Amino acid sequence: MNFGNTLQAVLFDVDGTLADTEQDGHRVAFNQAFKENGLNWQWSIELYGELLQITGGKERIRYYMERYSPGLLNRNDLKDWIAHLHKTKTGFYEMLMEKGSIPLRPGVVRLIHELRDKKIMLAIATTTTLENVTSLLKSTLGEESIDWFDVIGAGDIVPMKKPAPDIYHWVLNQLKLDARQCIAIEDSENGLKSAMAANLLTLITVNGYTHLQDFSGALAILSDLGEPEKPFTQISGETFKQQWIDYEILNGLLK
Ligand code: XBP
Ligand code: MG
């Protein structure tokens, strides 16, 4: 594949890619919100892994209700009720991030700084709520880091969440770039499908919840972005000059 493009922007997914937020962040916040709202629901680590196939917190709650608490689906204020429950969850999630409980994954900070130095645009394309993105960035990179991102596409800003390509289309449109001038970094099958459907070349860094998923079509599948002193493990796909992802590697992927 030779598109002759040079890298203009890197589009990062958030949950599972920038940080391992699902098990000890989102899951915990959902459970706190259930308790706060008088529900005896408890999402275990294992159950949450299954529920993750549904992207979006409100959509995930509804999916859970259909399977485990269908009686509650008859409420005539169902949509508002789920929205309220989810808002409570977002509040708990923000509190968890304020405590600084979740670090960024290996290589993320180094790569973000290098891309900024090289004047490569940074963007976020996520199904999670905007407040969750800003609270994670604030707690890990500092308040000013929110402005490092030229575009943040999050949550309900588009009608269809991943695996639909809508969020990536929206971000590319905001960036005024063609997909072939960008690289997407994702951690999940739903994320990969979404990015590929928007024509983006995509690098995968897996985590405990996603490592067994189908990543057909990804450029490469890695344990993480790697650091010079803590190289990534290659799982499959293209091999590189070194075991940490940098600007040169990402730019080379477009050639
Ligand atoms: C991951 C998601 C989100 C989070 C929960 O998004 O599917 O739904 O699990 O966040 P991504 P909300 O990997 O695209 O960052 O409750 O705010 O939806
Ligand atoms: Mg993800």
Side-chain angles (χ1 to χ4, degrees), residues 11-34 36-37 41 43 45 47-65 82-97 102 104-105 108 123-137 140 149 151-171 184-198 200 202-211 213-215 218 221-222 224-225:
L11 281 51
F12 289 93
D13 166 53
V14 175
D15 298 302
T17 300
L18 290 185
D20 269 323
T21 46
E22 293 291 9
Q23 180 182 306
D24 301 324
H26 291 293
R27 187 186 67 89
V28 172
F30 277 114
N31 284 332
Q32 287 172 325
F34 300 153
E36 174 88 2
N37 286 278
W41 304 348
W43 288 1
I45 291 172
L47 172 64
Y48 194 67
E50 289 165 34
L51 297 175
L52 274 176
Q53 64 180 288
I54 305 301
T55 57
K58 292 189 286 293
E59 294 81 354
R60 195 168 297 146
I61 291 170
R62 197 191 174 103
Y63 174 87
Y64 174 82
M65 290 173 75
I82 291 178
H84 171 79
L85 186 57
H86 186 252
K87 204 167 178 216
T88 317
K89 177 258 167 177
T90 302
F92 281 119
Y93 184 86
E94 286 181 284
M95 279 194 267
L96 281 171
M97 292 306 113
I102 314 255
L104 295 178
R105 297 193 64 201
V108 169
I124 278 173
T126 175
T127 47
T128 205
T129 306
L130 182 63
E131 289 94 315
N132 300 342
V133 182
T134 52
S135 60
L136 174 71
L137 291 178
T140 52
F149 291 85
V151 176
I152 298 183
D156 298 326
I157 203 160
V158 287
M160 298 275 283
K161 291 185 176 159
K162 298 174 188 176
D166 300 27
I167 195 66
Y168 279 107
H169 282 148
W170 187 88
V171 168
I185 306 184
E186 274 284 356
D187 73 301
S188 70
E189 187 176 342
N190 279 328
L192 174 66
K193 280 188 182 151
S194 169
M196 281 176 49
L200 282 151
T202 309
L203 199 62
I204 298 291
T205 55
V206 295
N207 58 60
Y209 274 134
T210 66
H211 70 287
Q213 294 181 349
D214 179 4
F215 293 116
I221 306 165
L222 312 172
D224 52 74
L225 293 172

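Owing to the predicted nature of the structure, the values given are computational and were not obtained by experimental measurement. In each ligand, atom 1 is the first atom listed, and ligand 1 is the first ligand listed.
- Taking the side chain as every heavy atom from C-beta outward, L11 and E186 never approach each other to under 4.5 Å.
- Considering all non-hydrogen atoms of both residues, G25 and M97 come closest at CA-CE, 4.5 Å.
- In summary, the atoms of ligand 1 found under 4.0 Å from a heavy atom of V14, numbered by their order in the structure, are 15 (O).
- The backbone N or O of E50 lies less than 3.5 Å from a partner atom in the side chain of Q53, making a donor-acceptor pair.
- Here Y48 has side-chain heavy atoms under 4.0 Å from ligand 1, and that is the only part of it that gets that close.
- The atoms of ligand 1 that sit less than 4.0 Å from any heavy atom of G56 are 7 (O), 8 (O), 18 (O).
- Contact check for D13 versus D187: side-chain heavy atoms found under the 4.5 Å cut-off.
- For atom 6 (O) of ligand 1, the nearest protein heavy atom (residue, atom name, distance) is T127 OG1, 2.6 Å.
- Looking at Y64 and I54, their side chains never come closer than 4.5 Å, going by heavy atoms from C-beta outward.
- Of all the heavy atoms in D20 and N207, the pair that sits closest is OD1-CB, 3.3 Å.
- Looking from atom 10 (O) of ligand 1 to the surrounding protein, the closest heavy atom is T128 OG1, 2.6 Å.
- The residue K161 has no part lying near ligand 1, judged by heavy-atom distances below 4.0 Å.
- On a distance-only criterion, D187 and ligand 1 share no N/O pair closer than 3.5 Å.
- Nearest approach of T17 to V108, heavy atoms of both residues: O-CG2, 3.9 Å.
- No side-chain heavy atom of E59 sits less than 4.5 Å from a side-chain heavy atom of T127.
- The minimum heavy-atom distance linking V206 with R105 is given by the pair O-NH2, 2.8 Å.
- The minimum heavy-atom distance between G16 and T21, with the atom names listed, is N-OG1, 3.9 Å.
- Residue-ligand proximity: G16 is placed with every non-hydrogen atom at 4.0 Å or more from ligand 1.
- Near N132, meaning under 4.0 Å from one of its heavy atoms, ligand 1 places the atoms 10 (O), 12 (P), 17 (O).
- What you find for T202 and A195 is that their closest heavy atoms are OG1-CB, 3.4 Å.
- Shown in contact with T126 at under 4.0 Å from a heavy atom are these atoms of ligand 1, numbered in order with element: 6 (O), 11 (P), 14 (O), 15 (O).
- Applying the side-chain hydrogen bond (donor to acceptor under 3.5 Å, both in side chains) test between Y48 and each of H26, R27, E22 identifies E22 as the sole match.
- Looking at Q32 and Y93, their side chains never come closer than 4.5 Å, going by heavy atoms from C-beta outward.
- Put simply, no part of Y93 is less than 4.0 Å from ligand 1, judged by heavy atoms.
- Those atoms of ligand 1 that come under 4.0 Å of a heavy atom in T129, given as number and element, are 12 (P), 17 (O).
- Shown in contact with K162 at under 4.0 Å from a heavy atom are these atoms of ligand 1, numbered in order with element: 14 (O).
- Checking E59, K58, R60, K89 against atom 9 (O) of ligand 1, the nearest heavy atom belongs to R60.
- Across N132, D15, I157, T55, a single residue satisfies side chain to side chain contact (heavy atoms under 4.5 Å, CB included) together with T126, and that is D15.
- Residue T21 does not touch ligand 1, judged by heavy-atom distances below 4.0 Å.
- Not one N or O of F30 is nearer than 3.5 Å to an N or O of ligand 1, by distance alone.
- When only non-hydrogen protein atoms are considered, atom 18 (O) of ligand 1 lies nearest to G57 N, 2.6 Å.
- Residue-level proximity to ligand 1 for D13 is carried by the side chain, the only part with a heavy atom below 4.0 angstrom.
- Of all the atoms in ligand 1, the ones that sit under 4.0 Å from a non-hydrogen atom of H86 are 12 (P), 16 (O), 17 (O), 18 (O).
- Taking backbone and side chain together, D187 holds an N, O or S atom under 2.8 Å from the Mg ion (ligand 2).
- The nearest N, O or S atom of D15 is closer to the Mg ion (ligand 2) than 2.8 Å.
- Residue-level check: among N/O/S atoms of D13, OD2 sits closest to the Mg ion (ligand 2).
- Taking only nitrogen or oxygen atoms, main chain and side chain alike, T55 does not reach within less than 3.5 Å of ligand 1.
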